[in-house]
Amino acid sequence: MTDLSDTPTLAQAKEAHGQPLSERSFTLTGRDLTEFRIELLNHLDRTEIDAGKVQLTEATWQPSPGKRRTIWFHAGDGSYLHHLDWDEGDEF
């Protein structure tokens with residue numbers, strides 16, 4: 001699960017990599033911009049976040065033992081937004 005070009009949507013990611021360990025859809029707010037999600041500011045408009053206009057789906061897979069990959073998708077069309085690779089046990 002290193003190349004994301006083959007998984008541009010949530011549906012395609014599930015088809016290629018199976019069901020995620022976790023999946024959650026939510027409206028992104030300033031309160032959600034913890035260290036774990038701060039990179040999303042590089043891809044989204046802060047004004048839209050503050051206005052409650054950003055709907056996301058966050059899904060996490062285990063590509064290999066001890067590793068995690070969280071991918072954020074636009075909730076409306078399921079298109080890829082950003083991803084974060086991290087180690088199990090990392091604290092954010």
Side-chain angles (χ1 to χ4, degrees):
M1 184 186 237
T2 56
D3 181 13
L4 292 176
S5 63
D6 64 337
T7 57
T9 68
L10 176 59
Q12 290 168 325
K14 287 180 177 180
E15 188 174 306
H17 307 294
Q19 287 298 315
L21 297 173
S22 65
E23 179 180 338
R24 134 180 210 255
S25 295
F26 61 100
T27 300
L28 184 68
T29 65
R31 182 182 298 172
D32 297 312
L33 291 171
T34 61
E35 182 181 355
F36 183 69
R37 297 184 186 100
I38 198 69
E39 291 181 14
L40 295 176
L41 284 175
N42 295 327
H43 306 280
L44 298 167
D45 183 302
R46 181 64 191 238
T47 305
E48 289 187 358
I49 294 169
D50 291 341
K53 295 181 179 179
V54 178
Q55 303 287 320
L56 298 178
T57 298
E58 177 180 283
T60 300
W61 283 266
Q62 181 177 351
S64 62
K67 302 293 182 183
R68 298 286 189 266
R69 170 169 284 172
T70 298
I71 307 176
W72 290 274
F73 300 90
H74 296 278
D77 62 5
S79 63
Y80 171 85
L81 175 65
H82 183 62
H83 76 276
L84 177 67
D85 292 324
W86 50 284
D87 293 322
E88 184 178 347
D90 282 353
E91 294 184 24
F92 298 96

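Computed over heavy atoms, backbone and side chain alike; hydrogens, waters and symmetry mates excluded.
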Quick check: do His74 and Leu44 have side-chain heavy atoms less than 4.5 Å from each other?
yes
What verdict does the side-chain contact (heavy atoms from CB on, under 4.5 Å) test give for Leu33 and Arg46, after you've listed the backbone C-alpha separation in whole Å, the side-chain angles of each residue and the deciding distance to 0.1 Å?
CA-CA 10 Å; Leu33 291 171; Arg46 181 64 191 238; 3.6 Å; yes
So Thr9 and Phe73, do their side chains get closer than 4.5 Å, heavy atoms only?
no
Would you say that Ser25 contacts Thr57 through its side chain, given a criterion of any heavy-atom pair below 4.5 Å between the two side chains?
yes
Hydrophobic cluster membership, Leu28 vs Phe92, 4.5 Å side-chain cutoff:
yes
Got a second to check how far Arg68's CZ is from His83's NE2, nearest 0.5 Å?
15.5 Å
Below 4.5 Å, heavy atoms only, C-beta onward: do His17 and Arg69 meet side chain to side chain?
no
In terms of heavy-atom contacts, Gly30 and Ile49 come closest through N-CG2, 3.9 Å
Any side-chain heavy atom of Leu56 sitting closer than 4.5 Å to one from Leu40?
yes
If you take all heavy atoms of Trp61 and Ala13, which pair is closest and at what distance?
CH2-CB, 3.8 Å
Residues Glu58 and Phe26: closest non-hydrogen pair is CB-CE2, 3.8 Å
Do you know the tightest heavy-atom contact between Gln62 and Pro65?
NE2-CA, 3.5 Å
Identify whether Trp86 and Ile71 are in the same connected component of the hydrophobic contact network (ILVMFWY, side-chain heavy atoms under 4.5 Å).
no
Less than 4.0 Å between a side-chain N and a carboxylate O, is that true for Lys67 and Asp87?
yes
So does Gln55 have more than 12 non-hydrogen atoms from other groups sitting under 6.0 Å from CD?
yes
Please check if any side-chain donor atom of Asp50 sits under 3.5 Å from a side-chain acceptor atom of Thr47, or the reverse.
no
With a 4.5 Å limit on heavy-atom distance, are the side chains of Asn42 and His82 in contact?
no
Show the numbers, then the answer: is there a side-chain contact (heavy atoms from CB on, under 4.5 Å) between Phe36 and Asp90?
CA-CA 10 Å; Phe36 183 69; Asp90 282 353; over 6 Å; no
Taking the side chain as every heavy atom from C-beta outward, state whether Trp72 and His43 have any pair of such atoms under 4.5 Å apart.
no
